There are 2 protein chains.
Amino acid sequence: MPTPERTTLEEIVAAARDLLDDGGPAHVTMQAVAQRVGVRAPSLYKRVRDREALLTLVSTRTALDLGASLAEAGDDLEALARAYRRFAHEQPEGFRLILGGPGDPEVIARVSAPVLRAAGAVVGEDRALDAARLLTAWVTGFATMELLGAFRLGGNVDDAFEWGLGRIVSSLEPQETAPIRHSGR
Amino acid sequence: MPTPERTTLEEIVAAARDLLDDGGPAHVTMQAVAQRVGVRAPSLYKRVRDREALLTLVSTRTALDLGASLAEAGDDLEALARAYRRFAHEQPEGFRLILGGPGDPEVIARVSAPVLRAAGAVVGEDRALDAARLLTAWVTGFATMELLGAFRLGGNVDDAFEWGLGRIVSSLEPQETAPIRHSGR
DNA sequence: ACCTGAACACCGTTCAAGT
DNA sequence: ACCTGAACACCGTTCAAGT
């Protein structure tokens with residue numbers, strides 16, 4: 001005889017995200033998640049294979065949220081970079097989780113799309129990938145090091161971000177015909 | 001009556017690093033570490049406060065190794081960037097661990113020193129910090145995204161690295177008098 | 001002074017039994 | 001068809017007892 005469903009996958013993932021936000025991955029226990037959605041831990045295994053799969057779901061949803069934030073930010077490279085950094089500040093644990101595990105190629109493609117489009121508009125289609133990678137790598141590293149606390153010594157970090165952003169973007173703009181250096185490997 | 005010491009802190013940290021390297025943080029259990037150094041788990045608590053403290057030690061040692069690799073790499077910005085990336089490839093788990101937790105300011109200062117010195121030689125003392133941050137953020141992000149698998153689609157990744165490196169470094173060199181863009185916040 | 005077995009609390013996961 | 005208590009394996013940590 002059927003029993004009414006007392007929770008949903010959506011609720012479970014949301015609960016896991018909340019727990020992650022305040023306490024990091026260690027705080028995301030199956031029991032804590034279960035309690036939050038009003039169920040016992042074993043019941044979670046009806047919707048989720050195991051804890052690792054749940055964390056992967058959290059990572060994917062968080063990455064898609066990042067993608068949505070970027071899509072909202074417009075098609076200006078600087079606006080995209082600022083939105084990316086803002087996301088890292090607002091959801092540091094989620095940001096770290098995304099960067100930690102291996103990423104789902106499809107999700108990566110979706111998140112990258114806005115940056116790729118904006119980059120294409122500036123440098124042309126065939127350099128778009130290189131340009132997008134340059135900017136994305138820089139913002140990713142900047143936010144990571146900020147979260148790490150590596151920028152504590154000296155100067156205003158917001159200014160450092162804007163300075164670096166200006167450097168990166170202007171190095172991409174076409175009127176700058178800097179010689180392309182080929183250095184040996 | 002004294003008992004001979006059957007292990008050392010150094011041995012314990014080395015064992016934890018080995019376990020981290022093949023299996024990630026989840027593989028670093030107190031029991032596994034203990035077994036590797038030939039002792040029972042409770043004995044570890046004579047040298048280490050708890051598991052978290054042990055992982056912090058591993059992070060610190062790994063970061064100092066990275067610093068040593070950089071110091072060996074010379075005082076060329078491009079050589080430093082390549083050495084940094086090589087380290088991330090050789091010890092991906094250690095690299096992720098360093099980037100994960102909060103960093104010890106003293107360790108960060110030590111690891112940054114070679115990049116700061118090389119940057120100062122190129123752009124002068126007063127821009128050295130900005131330049132070092134620009135390069136470090138980019139390499140950190142590049143390596144992180146590589147480990148994530150975010151660079152799987154399209155093109156040779158080594159070439160992308162060299163291309164980006166050339167862009168970054170040449171954007172720093174003094175003969176390039178690109179206008180500094182100030183964008184609003 | 002260090003090492004150990006035993007014990008405790010907690011966690012992930014399985015499963016038979018309930019409805 | 002979903003939910004649960006009970007159970008199991010495993011983990012981090014403490015501590016009294018050994019040498």
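Just so it is clear: chains get the letters A, B, ... in the order the sequence lines come, proteins before strands, and each one is counted from 1. Predicted, not measured: the structure shown is a model, and the values here were computed from it.
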Determine the contact category for B/T29: base if any of its heavy atoms lies under 4.0 Å from a base atom, sugar-phosphate if only primed atoms, P, OP1 or OP2 are that close, otherwise nothing.
sugar-phosphate
Hey, does the side chain of A/R51 come within less than 4.0 Å of C/dG12's phosphate (OP1/OP2), counting only N and O?
yes
Nearest whole angstrom, please: distance from the P of C/dC15 to the CG of A/D50.
14 Å
If we ignore hydrogens and angles and just use 3.5 Å, is the side chain of A/R110 paired with the main-chain N or O of A/G67 as donor and acceptor?
no
Round to the nearest Å and state the distance from A/M30 atom CE to C/dT14 atom P.
10 Å
Step through it carefully: locate the ring centre of B/W138, locate the ring centre of B/Y84, and say whether they are under 6.0 Å apart.
no
Separation of B/Y45 atom OH from D/dA16 atom C1', in whole Å?
17 Å
Could you check which of D/dC2, C/dT13, D/dT13 has an atom nearest any side-chain atom of A/T3?
D/dC2
Output for pair (B/S59 OG, B/L54 CG), nearest 0.5 Å, gives 11.0 Å
Nucleotide of D/dT4, C/dC3, D/dA1 approaching A/R40 most closely (side-chain heavy atoms)
D/dT4
So which nucleotide from C/dC3, C/dG12, C/dG5 ends up closest to the side chain of B/R6?
C/dC3
Please check this pair: side chain of B/R85 against backbone of B/R82, looking for a donor-acceptor N/O pair closer than 3.5 Å.
no
Could you tell me if B/R133 sits above the aromatic ring of A/F142, with its cationic atom closer than 6.0 Å to the ring centre and no more than 45 degrees from the axis?
no
Distance in angstrom units between A/L44 CG and D/dG5 P, rounded:
13 Å
Could you tell me whether A/R47 contacts a base, only the sugar-phosphate backbone, or nothing, with contacts defined as non-hydrogen atoms closer than 4.0 Å?
sugar-phosphate
Taking the minimum atom-to-atom distance to the side chain of A/S43, which one of C/dT4, D/dT4, D/dG12 wins?
D/dT4
Heavy atoms only, 4.0 Å cut-off, all strands: where does A/E5 land among base, sugar-phosphate and nothing?
sugar-phosphate
Can you tell me the distance, in whole Å, between the CD atom of B/Q35 and the C1' atom of C/dG5?
17 Å
Identify which nucleotide among D/dG12, C/dG5, D/dT4 has an atom closest to any side-chain atom of A/V39, counting heavy atoms from C-beta outward.
D/dT4
